[in-house]
Amino acid sequence: MVPQDSSKWEVLGSNPTRNVITYTSLIYGLCLSSRWDEVSKMLKEMKDEKLSPDVQTFSVLVDVFCKEDGYCLRGEMTKARTLFNSLMSKGLVPNVITYNTLLNGYCKYLKIEEAMHMLHEITRKGMKPDIATYNTMIHGLFRVGRCGAARKLLDEMLGQGQTPDECNYGIILDGLCNDQQVEEALSLFHLLGSNKLNSNIVVYNILIDGLCKCGNLDTARDLFHNLTVKGLHPDVQTYSIMVSGLCGKGLLKEAKHLFHKMVENGCPPDNVTYRVLLQGYLKNQHCDDVEMLLREMEGRSYSLDASTLSLLIDQIVAGSIDRSMLKLIGRLMPMN
DNA sequence: TTAGGGTTAG
């Protein structure tokens with residue numbers, strides 16, 4: 001934790017532990033709480049004390065700049081890239097973590113060619129990409145629809161002796177599902193059987209969602225019921241996925257039943273579950289329960305998103321929902 | 001006692 005008033009740390013002035021490590025730790029903490037002015041102050045202080053930032057200090061800043069680039073500069077990544085280059089010009093050698101940080105920024109903003117370039121550079125510099133490098137890149141490739149390249153990289157990863165971890169497995173399953181290869185994802189899941197990788201709720205969520213989206217609700221339901229048999233507990237996302245899948249098939253009664261079961265099962269619906277059920281009702285012109293749901297949402301300080309709002313307006317225009325509900329809807333508008 | 005990473009609902 002960084003204290004609210006960093007001047008309290010002046011005590012370090014007479015402390016021999018004021019070194020690159022303590023500065024980097026502080027800068028990291030300040031970055032996490034977006035206290036940029038103090039970050040600049042720390043960097044200046046380091047300079048005054050003739051302490052040079054090391055690779056880790058730079059990695060923290062590259063990460064921060066990647067995120068800032070995404071928010072403020074439409075993911076151009078110019079600031080992060082410039083900083084990365086300046087690191088090298090200072091004679092510091094970026095390591096795999098530094099590369100991964102920049103690669104992650106590129107992937108996040110779908111600059112896949114640049115990300116690939118980073119991957120090649122890691123190898124060219126004689127370093128070994130780690131599981132994070134592969135996970136980041138494979139996910140990026142799937143996201144831009146280059147599924148063949150993603151699978152090729154997975155093979156390369158396995159060839160390098162890297163063992164797939166839970167996240168890697170999730171990325172592959174999700175990538176296959178999004179590429180209309182749910183059957184293949186399911187085969188892989190069955191192939192692994194009782195492997196530890198299959199005892200993760202996220203894996204189930206990915207597959208159940210993929211099955212619902214391709215219309216195979218029966219298999220989704222089977223997987224959902226098998227969760228409990230395996231001793232796993234559905235989480236709020238599992239329920240939301242199922243509610244959404246049931247609504248998509250017009251099975252509103254079953255969706256409503258599951259929705260109510262959530263509280264009973266110790267996993268109360270969240271904002272998203274409410275929105276999913278509401279959308280299901282609205283899309284199926286089932287408006288009886290809409291007001292009650294909206295009131296419950298208000299009671300929980302939940303809010304409406306743009307697409308649910310738009311469906312509500314449609315039903316008001318169509319006359320299926322009374323205009324008097326507009327006041328309630330207004331109170332459910334997000335505050336920011 | 002310094003850094004990165006990555007999977008799921010709307």
Side-chain angles (χ1 to χ4, degrees), chain A residues 17 19-32 42 46 51 53-64 66-67 80 84 87 92 94-108 115 118 122 129-140 142-143 157 164-178 185 197 200-213 220 234-245 247-248 262 267 269-280 283 302-311:
Chain A
T17 60
N19 55 27
V20 180
I21 294 178
T22 51
Y23 269 111
T24 304
S25 307
L26 275 173
I27 288 170
Y28 179 58
L30 291 167
C31 285
L32 287 180
M42 286 292 158
M46 280 181 89
L51 282 171
D54 66 5
V55 176
Q56 291 182 226
T57 324
F58 269 97
S59 294
V60 167
L61 296 172
V62 167
D63 187 40
V64 169
C66 282
K67 285 166 184 149
F84 186 84
L87 182 149
L92 292 167
N95 57 27
V96 173
I97 295 181
T98 327
Y99 272 102
N100 285 351
T101 308
L102 192 61
L103 185 139
N104 180 249
Y106 281 134
C107 282
K108 203 163 268 171
M118 288 292 113
I122 292 173
D130 65 12
I131 188 81
T133 321
Y134 286 111
N135 282 351
T136 308
M137 197 66 237
I138 290 171
H139 185 218
F142 270 126
R143 278 185 68 202
M157 183 194 107
D165 62 4
E166 288 190 352
C167 222
N168 183 263
Y169 183 51
I171 290 168
I172 305 299
L173 289 180
D174 188 52
L176 289 172
C177 287
N178 288 327
L197 290 175
N200 180 351
I201 188 65
V202 177
V203 164
Y204 278 86
N205 290 350
I206 291 168
L207 287 174
I208 293 172
D209 188 49
L211 287 161
C212 286
K213 286 191 174 131
D235 64 11
V236 69
Q237 296 198 33
T238 326
Y239 282 109
S240 299
I241 291 164
M242 278 306 297
V243 168
S244 169
C247 287
M262 292 178 74
C267 179
D270 68 4
N271 206 350
V272 176
T273 328
Y274 269 94
R275 291 172 184 175
V276 167
L277 187 62
L278 255 182
Q279 292 198 19
K283 282 179 187 163
Y302 289 165
S303 64
L304 291 165
D305 61 332
S307 53
T308 316
L309 181 68
S310 153
L311 288 168

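In what follows, every chain begins at residue 1, and chains take the letters A, B, ... in the order their sequences are listed. What's counted below: heavy atoms across the whole structure, side chains too, no hydrogens, waters or symmetry copies.
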(message) Among B:dA3, B:dT2, B:dG10, which nucleotide has an atom closest to any side-chain atom of A:Gln279?
(response) B:dG10

(request) Could you state the atom-to-atom distance from CG of A:Leu87 to P of B:dT2 in whole Å? (result) 19 Å

(request) Quickly work out the A:Leu92 CG to B:dT2 P distance and round it to whole Å. (result) 18 Å

(message) From C-beta outward on A:Ser25, which listed nucleotide comes closest to its side chain: B:dG10, B:dT2, B:dG5?
(response) B:dT2

(message) Contact between A:Ser59 and A:Asp63 at the side-chain level, heavy atoms closer than 4.5 Å - yes or no?
(response) no

(request) Check every atom of B:dA3, B:dT8, B:dT2 against the side chain of A:Ile21 and return the nucleotide holding the closest atom. (result) B:dT2

(message) Which residues pass the ring pair (Phe, Tyr, Trp, His ring centres under 6.0 Å) test with A:Tyr99, not counting sequence neighbours?
(response) A:Phe84

(request) Could you tell me whether the side chain of A:Asp54 has a donor or acceptor atom within less than 3.5 Å of a complementary atom in the base of B:dA3? (result) no

(message) Side chain of A:Gln237, heavy atoms from C-beta onward: which of B:dT2, B:dA9, B:dA3 has the nearest atom to it?
(response) B:dA9

(request) Give the rounded distance in Å between these two atoms: CD1 of A:Ile208 and C1' of B:dT8. (result) 10 Å

(message) By nearest atom, which of the nucleotides B:dA9, B:dA3, B:dG5 is closest to the A:Ile97 side chain?
(response) B:dA3

(request) Take atom CG of A:Asp63 and atom C1' of B:dT2, then tell me their distance rounded to the nearest Å. (result) 14 Å

(message) Given B:dT2, B:dA9, B:dG5, identify the nucleotide with an atom nearest to the side chain of A:Ile131.
(response) B:dG5

(request) Find the distance A:Phe142:CZ to B:dT8:C1' and express it as a whole number of Å. (result) 15 Å

(message) Under 3.5 Å, is there a donor on one side chain and an acceptor on the other for A:Asn200 and A:Glu166?
(response) yes

(request) Among the candidates B:dA3, B:dA9, B:dG5, find the nucleotide nearest to the side-chain atoms of A:Ser59. (result) B:dA3

(request) Start with the C-alpha gap between A:Thr57 and A:Asp54, add the side-chain angles, then the distance that decides, and say whether side-chain hydrogen bond (donor to acceptor under 3.5 Å, both in side chains) holds. (result) CA-CA 5 Å; A:Thr57 324; A:Asp54 66 5; 2.8 Å; yes

(request) Compare the minimum distances between each of B:dG5, B:dA3, B:dG10 and the side chain of A:Thr98, then state the nucleotide with the smallest one. (result) B:dA3

(request) Rounded to the nearest angstrom, tell me the gap between atom CG in A:Asp235 and atom P in B:dT7. (result) 16 Å

(request) For A:Asn205 and B:dT8, give me the distance from atom CG to atom P, rounded to whole Å. (result) 10 Å

(message) Tell me whether A:Asn178 contacts the main-chain N or O of A:Asp174 through its side chain, where contact means a donor paired with an acceptor under 3.5 Å.
(response) yes

(message) From the set B:dA3, B:dG10, B:dT7, return the single nucleotide nearest to any side-chain atom of A:Val272.
(response) B:dG10

(message) Within the 4.0 Å heavy-atom criterion, would you say A:Val202 contacts the bases, only the backbone, or no part of the nucleic acid?
(response) base

(request) Between B:dA9, B:dT7, B:dA3, spot the one nearest the side chain of A:Val236, thanks. (result) B:dA9

